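Chain letters run A, B, ... following the sequence lines, proteins first, then strands; residues in each count from 1. Note that this is a predicted model, so its numbers are computed, not measured.
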Amino acid sequence: MSALEIREVRKDFGSTRVLKDVSLAIDSGEFLILVGPSGCGKSTLMNAIAGLEPVTGGQILIGGDDITWRTPAERDIAMVFQSYALYPSMTVRQNIAFGLEMRKVPKAEREQAVERVADLLQITHLLERKPAQLSGGQRQRVAMGRALAREPQIYLFDEPLSNLDAKLRVEMRTEIKKLHQRLGTTIVYVTHDQIEAMTLADSIAVMRDGHILQLGSPDEVYNDPVDMFVAGFMGSPSMNFITATLEGQLGDYRLRIATPEEQELVLPWPADRITGELADHLGQPVVLGLRPEHFSEQDARLEGQQEGTLLEARVTVVEPTGADILLRLPLGDSEVTARVGPKCPVAAGERLALRIDMSRAVLFDPQSESRLA
Amino acid sequence: MDNVIRRRTPGARLARAALYAVLIVAALFYLLPLVIMLLTSIKPLDEIGAGTLLALPQHPTLAPWITAWGEACTGMRCEGVGGYFWNSFAIVIPAVAISTVVGALNGYALTKWRFRGSELVFALMLFGCFIPFQVVLLPMAQTLGWLGLSSSRAGLVLVHVVFGIAFTTLFFRNFYVAVPSELVSAAKLDGAGFFRIFWRILLPVSAPIIVVSVIWQFTQIWNDFLFGVAFSAHDTQPVTVALNNLVNTSTGVKEYNVNMAAAMIAALPTLVVYVLAGKYFVRGLTAGSVKG
Ligand SMILES: Nc1ncnc2c1ncn2[C@@H]1O[C@H](COP(=O)(O)OP(=O)(O)O)[C@@H](O)[C@H]1O
Ligand SMILES: [Mg+2]
């Protein structure tokens, strides 16, 4: 039995359908991330789960109970909002205790719960303050404390970190992960930040235009994307898409990439990655997806021992990030990003030999944008 | 003024002095009627005829005030405006309280519990702000008759509440629109209901707009004459109507000092309210969202 199950949920605002038959299920203790571009319906789905917006169709089940038409209060859900939504007239202590008070928990127990979460989140010294007297990071903690105090079955986080500055965001991210590992809570967490998604999730649901495109582990979503949108959305810098022509015969496929300046580049498609669909696309254009880390610099000492196809190109831009170097170079009719080691001796305008690891490359249909292999 | 810091040149000082001079003159000009009323109200009758309007009283006296309060004739009776002064309070206080509470609940429901057609309801309410009083006199008289509230204080309270709700709803609606709805969502998830959320979350941050609503309603209802004259009987008249009767009662010489004293008495509560709470009024009107 799933902790939370969503069955073909639809939501219309007037005549616009914002959620289109969304289905998903998560187990108790699981950390699910909803990720997608702004406006794709993430908050709407969260509000539907919380009962703040009635759904147009479909069902929502918590622990096997159909709660589609229960009020928010009856759902045993706590939510952390992007704006934190702390009650401005109440102290931190009252904010945290409010949910328990509404549920008629005796005062002594409420106090205990406040102490517990304040201790957990290290906000004990802030308990008597009003929200206006807190910094952004402190408010964030209080908002989490308010959710934790009630110990609900499910926690919803709607972009909880997006109002924090970059450094604090990374800190809080780690802290949320620790909390989840420690408390084993069931969490649905919305973000449009794919790094947050990759680092926190047990599973990721990638959304677009009210659909869930893919639901899978971070590894699946990153390395085995169902279409070009998911592939391009996850990962930073994002995946390179290169137009190529699929050639060859059964069991021996090649990708021919027309390069304007020089001779054509031909990349062999790994034999163990051949799918039935490829045969239908022989002689037709396909889109080759290569992540920046699928490129690596040619090491002179390992001449002839390295795997992968060799590519030689003139580097147009060199962007050292510290941990590694991002290179921009032309490939086919577009420019691609490659990630190489921080010591790679290359300057803009120079020619560089790179290896392409085709074993992790992916292929898409240029029309439907869906995955071919 | 701009926010640029620069040295004060003599020219700038002069311009500033001229500016203040103009402002002071304008302020004095607006104060003049009040000053004349006050001066006249403490002069004996013979001094009024003899001196100019602005002459200071030679023998200041509170007699006109005492007469105005307790003895002056308003129509048939000669009991002063004192009783009607309390009448006004008896009408204004419940009317202000009820219209403010209802306006607050309306504003809360219209912004935080949107329902199908809530925008239309609001538009209609807004329309209520523009209905001229005269238009409703007859239907209202009819309605009060049906309700058995003709010529009663309760009837006047009802009329003022009905008219006031349009304004108070507008005030509270515009204030609550700026209060983040996520506060209400959070409270719903915490298990609070409609009234609990209003009482515990919204109301504690509503002080600025409550002040606006109270001042506005108090001034409007206290100063009302038309409804007062149309829907009251002799012993339920508000002070504005009594003042009118007092001034228009023509027996013998016109006692300008008594008239002025009565007018001062009738104007005093709104003056006091404005002096005490005026700055909160301006602050409340410009108050934006609640900083959480
Ligand atoms: N109350 C509403 N009325 C009408 N349209 C809405 C409402 N709430 C959201 N929408 C629309 O639904 C879409 C999804 O919004 P939302 O769920 O907030 O997106 P996200 O959280 O993914 O950025 C948007 O196009 C938005 O304009
Ligand atoms: Mg959102």
Can we say B:R200 and A:E101 salt-bridge, meaning some charged N sits less than 4.0 Å from an Asp/Glu carboxylate O?
yes
Donor-acceptor contact below 3.5 Å, side chain A:Y87 vs main chain B:A187
yes
Cationic N near anionic O, under 4.0 Å, A:R103 to B:D190
no
With chain B as the partner chain, list the residues of residues 67-84 of chain A whose heavy atoms fall under 4.5 Å from it, by residue number, and write 'none' if nothing qualifies.
A:P72, A:A73, A:I77, A:M79, A:F81, A:Q82, A:S83
More than 12 non-hydrogen atoms from neighbouring residues, nucleotides or ligands closer than 6.0 Å to CG on B:L28, yes or no?
yes
When rounded to the nearest 0.5 angstrom, what distance separates OG in B:S185 from CD in A:E53?
8.5 Å
Surrounding CZ of B:R196 (heavy atoms of other residues, nucleotides or ligands, distance under 6.0 Å), is the total greater than 12?
no
Ignoring hydrogens, what is the shortest heavy-atom contact between B:I201 and A:M90? Give both atom names and the distance.
CD1-CE, 3.6 Å
With a sphere of 6.0 Å drawn around OH of B:Y30, does it hold more than 12 non-hydrogen atoms of other residues, nucleotides or ligands?
no
Quick check for you: to the nearest 0.5 Å, what is the distance between A:L52 atom CG and B:L189 atom CG?
5.0 Å
Looking at residues at least two apart in the chain, or sitting in another chain, which of them share a side chain to side chain donor-acceptor pair (under 3.5 Å) with A:K104?
none
Which one, B:G193, B:P204, B:A192, leads in non-hydrogen pairs under 4.5 Å with chain A?
B:A192
Flag side-chain contact, heavy atom, 4.5 Å: B:V179 against A:P88:
no
